[in-house]
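Heads up, the thing below is written out as structure tokens.
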Amino acid sequence: MSRPPSTTVPAAHRAAASVLAVGALLASLITAAFAPSAHAADTLLSQGKTATASSQEGEGYSAAAAVDGDLTGTRWASQWNDQQWLQVDLGQESVLSRVVLTWETAYGKDYEIQASDNGIDWHVLKTVTGGDGGTDDLTVSGTGRYVRMQGLARSSGYGYSLWEFQVYGSPADTTPPPASGAVKVEGTQGNWRLTVGGQPYTVKGVTWGPAVSDAPTYLPGVKAMGANTIRTWGTDGSSKTLLDAAAANGIRVINGFWLQPGGGPGAGGCVDYVTDTTYKNAMLTEFAQWVDAYKSHPATLMWNVGNESVLGLQNCYSGSQLEAERNAYTSFVNDVAKKIHSIDPDHPVTSTDAWTGAWPYYKRNAPDLDLYAVNSYSNVCKVRQDWLDGGYTKPYIITETGPAGEWEVPDDVNGIPDEPTDIQKADAYTKAWNCVTGHQGVALGATLFHYGTEHDFGGVWFNLVPDGLKRLSYYAVKKAYTGSTAGDNTPPVISKMTADLASSAPAGGEFTVHADVRDPDGDPITYKVFLSGNYANGDKRLVEAQWRSTGNGTFVVTAPQKLGVWKVYLQAEDGHGNAGIETKSVKVVAPQVSGTNVALNRPATASSSQQSYGDCPCTPQLAVDGNTDTRWASDWSDPQWFQVDLGAPKALHKLQLVWDPAYAKSYEVQVSDDGSTWRSVYSTTAGDGDVDLIDVSATARYVRLQLTARGASWGYSLHELGVYS
């Protein structure tokens, strides 16, 4: 995926008061009477986790009933003797601060609160003697994954019985302090490893999207995922801010250097690597400056020269020249690698491309690279076989991967790329990471795409945190890197999203979206509905739609006036910083008009027509053929006219004009009985394109559009003229 030449990826919220107040007050009093006091810094870790016990009194009194959040309805009860216990597995090592025991009548008089890292070896956090039942709110200090109530003495002849066993605290930070010292690629063929200060280092990374100034805000979230690395596409004077923030969070940086074409001409232009020594010398000088500046920075992990240029050169050259340019480019990359090594012998150098087909060029022309790198999405699990088939003698990292991109998925019913669902995207990250780690001794890790915050067309497709909201993919990456998301509140899950009128939504009319939405944690869900005109007008922004909910996951949305294929996005938020987002395409078409289209397939003429531009010839007859995919287009000048012969006088009540982007700003509708003498029935100087619906009251055989001012620099272009009788 092509990225621009910068350090980061530039860009991708009084009614019935007295009655409600009384209700709220009563609710708060009831809560205070039955719930333990609030400790703002604590997180409830035990609810819903796996609980076990030494015994249970009967079928309805299992250990799970003591961690289900029901303080008065369900309970655990043991057999009627001493030395009974109840324990909960928090899912990961945690820093423990409180344990709250809500006893039933059969309470523990003497007991211990114990903790363990492995469920076998226990240490005592608190000893209680002379307990009197009710609610015991105990302050504790320590760590552990498992927490146990070990009964010592009962208060009665019954057993021990707990309505609820609540453990509070926070997940422990088990990340070891970052190693310091030189970064090396060590080992032998097929048995390599990356080391930092002599310690093994697997790249568990994400590509970096936010502005460098926002690094202190977002890097803690990167660390919380279990990531240890971020990748950038460019390195310059602003990089120090990012590197400093990364070091403060124990994160290392793959510092990128951008080279043209960077994936294509749209990403920076074309360079002749065979002859352009001026450009190459300038890049060598610039890169050397920043290597010297940041070679000793504790966050620097390695240097990455270029991004997707071997593939991108095909957009600049072809044939034998393309082959020569690819060899010259990879030879220049080798020159850069040698220069970097002369300045900084303590950090490896790699180069990224978009396909493993670039690796033979690196193998032949860039022996000074320490390792290879590739961006691969739906084909990431084929990289291993490509490496084996190529007989390569260097390890590699994956520098971008994730769900299938726009260029890799099949088209939907409206002929545009069918975006994967949230569930499919999350599964894709899991699969990708498994394929990377499956190539042991060769694949040294990955930076998954993309830790970006843009909330636009591309941001929703790829970003883990669009608008700062965590997606299912965020938690899939966290589980891949840490092994667990136990204790996390996770996003709403959207499935089975559909849009009625998916290929025939009337411009300015309404269509219906339906989806099944559930929240794994039972959180209340709030909704937003957005539209993107990326495929209709090139605008990649997400704009909130006009919509209303009719319940049961059904939403009525007002279609845009602009014709074409739009994407509608349903966003479900849980109030905990998480969101599920699903999207479907909707084709906006001209609204149906009552009556008979008496212009359909009638003879049409015009002052001019384009014969060979774009999809032309664009003859007048194409604007009355009933197909809004075809069009008439005039020369690029004023004035022009278009007319249709209805064959006989017809009583007319409405015209519908479906414009191409080359619309008329000023025009007049004229009618005639003989095709020579015309009378005006409508005029405007404020046309805005798309669809014009015009009420008329006339009887005539001929209808003409007299076009006097264009709305764009092109000519006039009309997809369809409907004349209704």
Please report the shortest heavy-atom distance between [X] and [Y], naming the atom on each side.
X      : Y      : answer
His455 : Pro466 : CD2-CB, 4.1 Å
Gly256 : Thr232 : N-OG1, 3.2 Å
Pro492 : Val517 : CB-CG1, 4.3 Å

*Quickly, which of Tyr273, Tyr317, Tyr279 forms a ring-ring contact (aromatic ring centres under 6.0 Å, His included) with Tyr329? Name it, please.*
Tyr273
*Could you verify whether a donor N or O on one side chain and an acceptor N or O on the other, from Glu408 and Ser378, lie under 3.5 Å apart?*
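The criterion, which ignores hydrogens and geometry beyond distance, is satisfied for Ser378 and Glu408.
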*asked:* Please check if the number of heavy atoms outside Lys587 that lie under 6.0 Å from its NZ is greater than 12.
replied: no
*Look at atom CG of Asn552 and say whether more than 12 heavy atoms of other residues, nucleotides or ligands are closer to it than 6.0 Å.*
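Counting neighbours around CG of Asn552, 12 or fewer heavy atoms of other residues, nucleotides or ligands fall under 6.0 Å, so no.
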*Hey, what's the ring geometry for Tyr377 with Trp407, parallel, tilted or perpendicular (30° and 60° as the breaks)?*
perpendicular
Rounded to the nearest 0.5 Å, what's the gap from [atom1] on [X] to [atom2] on [Y]? Could you check?
X      : Y      : atom1 : atom2 : value
Gln656 : His719 : CD    : NE2   : 12.5 Å
Ser309 : Leu259 : OG    : CG    : 6.0 Å
Asp412 : Ser503 : CG    : OG    : 8.0 Å
Leu219 : Ile230 : CG    : CD1   : 5.0 Å

*asked:* Under 4.0 Å between a side-chain nitrogen and a carboxylate oxygen: does that hold for Lys528 and Glu544?
replied: no
*Run the salt-bridge test on Asp456 and Arg541 with the 4.0 Å N-O cut-off and return the result as yes or no.*
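Answer for the salt bridge query: no.
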_Quick one, Val206 with Thr447, criterion side-chain contact (heavy atoms from CB on, under 4.5 Å). Give me CA distance, side-chain angles, the key distance, then yes/no._
CA-CA 4 Å; Val206 289; Thr447 51; 5.8 Å; no
Taking side-chain contact (heavy atoms from CB on, under 4.5 Å) as the criterion, tell me which of [options] meets it with [X].
X      : options                : value
Arg710 : Tyr663, Tyr667, Trp636 : Trp636
Val529 : Thr558, Val557, Leu542 : Val557
Val723 : Leu600, Val593, Val598 : Val598

*Going through the checks in order, is the ring-ring contact (aromatic ring centres under 6.0 Å, His included) test met by Phe642 and Tyr716?*
CA-CA 10 Å; Phe642 176 95; Tyr716 299 91; over 10 Å; no
